[in-house]
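Here the structure comes first, spelled out in structure tokens, and everything after it is commentary.
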Amino acid sequence: MEVASGPAAPEPGEIRALKQCLLRRNKSREQHGVAASCLKELRNKACDILAIDKSLAPITLVLAEDGTIVDDDDYFLCLPANTKFVVLAGNEKWTHNSDGGTAWITQESFDRDETDSGAGLKWKNMARQLKEDLSSIILLSEEELQMLIDVPCSELAEELGQSHVAVQGLQNTLQQVLDQREEARQSRQLLELYLRALEKEGGILSKQQESRADLGDERDAVDTGIRESSSEVTPASQILLALKEKPAPELSLSSQDLELVAKEDPKALAVALNWDIKKTEAVQQACNQELSLRLQQVQSLRSLRSISARMSSLPGDVENPKRTRRDPM
């Protein structure tokens, strides 16, 4: 998969925030942390840090997770902090990890264990992410939002380098985002209850129960075959627990978790959740739609910020179109 519409050059006077990234060479486990405001800067730093000869063009940046080519600055800005990149030089080809991309289902990743070694470290990492780009609020999970809300105002103010009044306003905004997701969840639940009531009135329920019984037999046969080949699968507890127990689970997950669920093989996910394929694919579609919506919101906010920055950097005062009339006397 390729994301390429041509890198967008920064406008004159435009200031872009630095994004934290992790770089490594193909087939190497050694990672380097860097910060860059655009893809051109990230490529230059990658060549310097990883000792890549710039004559080995082209220098290509791909996502370490799935090999997606990142060649668009707007898409780069929508990626979360600490996204992992593989740097390819010349005719190098990206190679997939041996786990087939399902490591998040089989076990909690080693990197997450390192990053989330303590609740204190986790909220500080999220605070730094907000300090770099406030629009990343949209990409946080409900658990992460609640964690930042629960942090004492004085500690969060010290971490962000902001006044207590500004941080209190930030925590109020976080609470509003959390409340909006809960309202959306309740609205969806009411809609589901209404549709179920209509089904009962129309006498559709009995037919559905018969079809579900047939489908259950087929699912048991399919699941048996799948379990024989993947008997050692141990689902990642946090993501799967949210999918099983939360109504409208896509509202509870972070953007990274949404991407993992959307890209996962439906059969493997159905086995982990003990669901049928149809229900699993519906949840994956909902996660994909929620992820797209959040990325669009982030891009819209950044576009507005860019326009505002350009307007504020215009030289001189804007002339008032309504000129006062001169007194003929």
Check your understanding: Yes or no on side chain to side chain contact (heavy atoms under 4.5 Å, CB included) for L269 and W275, after CA distance, side-chain angles and deciding distance?
Key -> CA-CA 8 Å; L269 189 58; W275 286 354; over 6 Å; no

Shared hydrophobic cluster, [X] / [Y] (ILVMFWY, side-chain heavy atoms < 4.5 Å):
{"X": "L258", "Y": "L251", "result": "no"}
{"X": "M147", "Y": "L145", "result": "yes"}
{"X": "V271", "Y": "L241", "result": "no"}
{"X": "V261", "Y": "L293", "result": "no"}

Measure the shortest side-chain to side-chain distance between [X] and [Y] over non-hydrogen atoms and say whether it is less than 4.5 angstrom.
{"X": "L170", "Y": "L148", "value": "no"}
{"X": "L79", "Y": "F85", "value": "yes"}
{"X": "L42", "Y": "C21", "value": "yes"}
{"X": "P266", "Y": "Q284", "value": "yes"}
{"X": "I239", "Y": "L260", "value": "yes"}
{"X": "H32", "Y": "L50", "value": "yes"}
{"X": "L88", "Y": "I59", "value": "no"}
{"X": "Q31", "Y": "L23", "value": "no"}

Practice item. Keeping to residues at least two apart or across chains, list the salt bridge (charged side-chain N to carboxylate O under 4.0 Å, His left out) pairs with something in residues 162-176. Key: none

**Study point:** Pair listing, salt bridge (charged side-chain N to carboxylate O under 4.0 Å, His left out) test, anchored in residues 239-256, at least two apart
**Key:**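 Non-adjacent pairs meeting salt bridge (charged side-chain N to carboxylate O under 4.0 Å, His left out): R188-E250.
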
Review point. R29 and R24: side chain to side chain contact (heavy atoms under 4.5 Å, CB included), yes or no, with the steps?
Key: CA-CA 7 Å; R29 292 196 173 190; R24 67 174 175 85; over 6 Å; no

Review point. Looking at residues at least two apart in the chain, or sitting in another chain, which of them share a side chain to side chain donor-acceptor pair (under 3.5 Å) with D179?
Key: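 With neighbours one apart ignored, the set is Q175.
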
Exercise for review: Could you pull out all residues at least two apart from Q146 that satisfy side chain to side chain donor-acceptor pair (under 3.5 Å)?
Suggested key: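 Only D150 meet the side chain to side chain donor-acceptor pair (under 3.5 Å) criterion with Q146.
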
Exercise: identify the closest heavy-atom pair between [X] and [Y]:
{"X": "L253", "Y": "A242", "value": "CD2-CB, 3.8 Å"}
{"X": "L39", "Y": "D73", "value": "N-OD1, 2.9 Å"}
{"X": "Q171", "Y": "V151", "value": "NE2-O, 2.9 Å"}
{"X": "W94", "Y": "L63", "value": "NE1-O, 3.9 Å"}

Tabulate below the donor-acceptor pairs under 3.5 Å that side-chain atoms of residues 156-167 make, not counting sequence neighbours, or state none.
residue, atom, partner, partner atom, Å
E159, OE2, R128, NE, 3.4
S163, OG, A166, N, 3.2

In chain order, what residues pass the salt bridge (Lys or Arg N to Asp or Glu O under 4.0 Å) check against [X], with sequence neighbours excluded?
{"X": "E144", "answer": "none"}
{"X": "E182", "answer": "R185"}
{"X": "R294", "answer": "E290"}

Residue list, side-chain contact (heavy atoms from CB on, under 4.5 Å) with [X], at least two apart or on another chain:
{"X": "E41", "answer": "L18, A36, S37, C38, K45"}
{"X": "P58", "answer": "T60"}
{"X": "D53", "answer": "S55, L56"}
{"X": "S187", "answer": "none"}

Is it true that a side-chain atom of [X] and a backbone atom of [Y] form a donor plus acceptor pair closer than 3.5 Å?
{"X": "S252", "Y": "A248", "value": "no"}
{"X": "N82", "Y": "L22", "value": "no"}
{"X": "N274", "Y": "A270", "value": "no"}

Check your understanding: Run the salt bridge (Lys or Arg N to Asp or Glu O under 4.0 Å) check on E92 and R25 step by step: do they pass?
Key -> CA-CA 10 Å; E92 263 190 299; R25 290 302 303 272; 2.8 Å; yes

Practice item. Report the C-alpha separation of S254 and L140 in whole Å, then their side-chain angles, then the decisive distance to 0.1 Å, and conclude whether the side chain to side chain contact (heavy atoms under 4.5 Å, CB included) test is met. Key: CA-CA 5 Å; S254 68; L140 297 178; over 6 Å; no

Check your understanding: In Å and rounded to the nearest 0.5 Å, what is the CD1 to CE distance from I137 to M126?
Key -> 11.5 Å

Practice item. Run the numbers on I52 and V87 for side chain to side chain contact (heavy atoms under 4.5 Å, CB included), then give the verdict. Key: CA-CA 9 Å; I52 300 174; V87 185; 3.5 Å; yes

Exercise for review: Let me see the working for R43 and D71 under salt bridge (Lys or Arg N to Asp or Glu O under 4.0 Å), right down to the final yes or no.
Suggested key: CA-CA 11 Å; R43 288 193 190 95; D71 199 22; 2.7 Å; yes

